[in-house]
Every structure is written in C-alpha cells, then in structure tokens.
Amino acid sequence: MLAKYYTEIMKIQLREFKRLSKYHDRATKRLMEMNDPDNIQSHTTQRYWQTHNKIEQSEKEMRTIIEELNELNDRFHWF
C-alpha cells in the first residue's frame, strides 16, 4: 500500500514543510524585530515567549517531516 502512495505522501510532506518553513521565517523575523533595542519596550514578555515557542514548535515539526522523508528515501531509494 505504501509503495502505491509514497509519491503522494512525499508531495504532502514537502508542501507541509514549505508551509512550516514560511511560518518559521515569519516568526523568526518577528522575534528579531522584538529584540531590536528600539522596540524592546513595545512588546510584552508573554508575546516574546509565545513567538519563541512558535519557532521551536515549527522546528520540531520540520525535523519530524525530515525524518519521515528520510525513512521513505531509505525504503524506496530515491537518491
């Protein structure tokens, strides 16, 4: 069954990885703006840590996707 649908699984995983990558980039940019000395007073600590947690969560999910893609690669030898 997996052999029949592995290309579709790969497409879905890559689409999700791209979405997470964009989300990670935006959150990182927002965090860097918060760390700017001119903006340091314009945000709350809660907002800062929420953004930080979003970055960590997206990195965790991206690592999971990479592991799953590596498993598919090991099984079907794409490269």
Side-chain angles (χ1 to χ4, degrees):
M1 178 109 170
L2 186 60
K4 185 176 180 180
Y5 296 108
Y6 77 90
T7 56
E8 297 300 318
I9 293 169
M10 181 184 72
K11 289 178 187 177
I12 292 168
Q13 292 290 62
L14 289 175
R15 189 177 324 127
E16 181 67 13
F17 187 84
K18 287 180 183 178
R19 183 189 69 78
L20 286 169
S21 180
K22 287 180 184 177
Y23 183 77
H24 180 270
D25 290 343
R26 281 181 284 171
T28 303
K29 182 180 176 184
R30 193 174 320 122
L31 190 67
M32 290 299 130
E33 289 173 357
M34 286 183 193
N35 286 335
D36 187 27
D38 297 334
N39 295 332
I40 203 77
Q41 299 297 325
S42 67
H43 65 82
T44 61
T45 304
Q46 180 181 1
R47 207 168 107 200
Y48 177 86
W49 287 110
Q50 285 175 344
T51 304
H52 189 270
N53 288 338
K54 288 177 185 179
I55 291 170
E56 287 182 348
Q57 182 65 28
S58 63
E59 288 174 352
K60 180 182 174 187
E61 291 177 17
M62 289 188 323
R63 280 191 298 272
T64 302
I65 290 173
I66 289 172
E67 289 173 6
E68 291 170 355
L69 288 173
N70 284 335
E71 184 179 328
L72 284 174
N73 184 36
D74 292 342
R75 189 173 271 186
F76 296 104
H77 307 293
W78 292 327
F79 303 108

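Index from 1, following the sequence.
Going from atom CZ of Phe17 over to atom NE2 of His24 covers 9.5 Å, rounded to the nearest 0.5 Å. We find the CG-CD distance between Leu14 and Glu16 to be 11.0 Å, quoted to the nearest 0.5 Å. Considering CD of Glu71 and CZ of Phe76, their distance stands at 9.5 Å, rounded to 0.5 Å. Atom CD1 of Ile55 sits about 16.0 Å away from atom NZ of Lys60, to the nearest 0.5 Å. In this structure, Ile12 CD1 and Thr7 OG1 are separated by 9.5 Å, a value rounded to the nearest 0.5 Å. The line from CD1 of Ile65 to NZ of Lys18 is 12.0 Å long, rounded to the nearest 0.5 Å.
With hydrogens and angles disregarded, a donor-acceptor distance shorter than 3.5 Å links the side chain of Ser58 to the backbone of Lys54. A donor-acceptor pair is defined here as one N or O able to donate and one able to accept, closer than 3.5 Å; no such pair exists between the side chain of Asn73 and the backbone of Leu69.
Between Trp49 and His52, the ring planes are perpendicular. Angles over 60° get that label, and only those under 30° would be called parallel.
Cluster membership check: Leu20 shares its hydrophobic cluster with Met10, using side-chain heavy-atom separations under 4.5 Å among Ile, Leu, Val, Met, Phe, Trp and Tyr.
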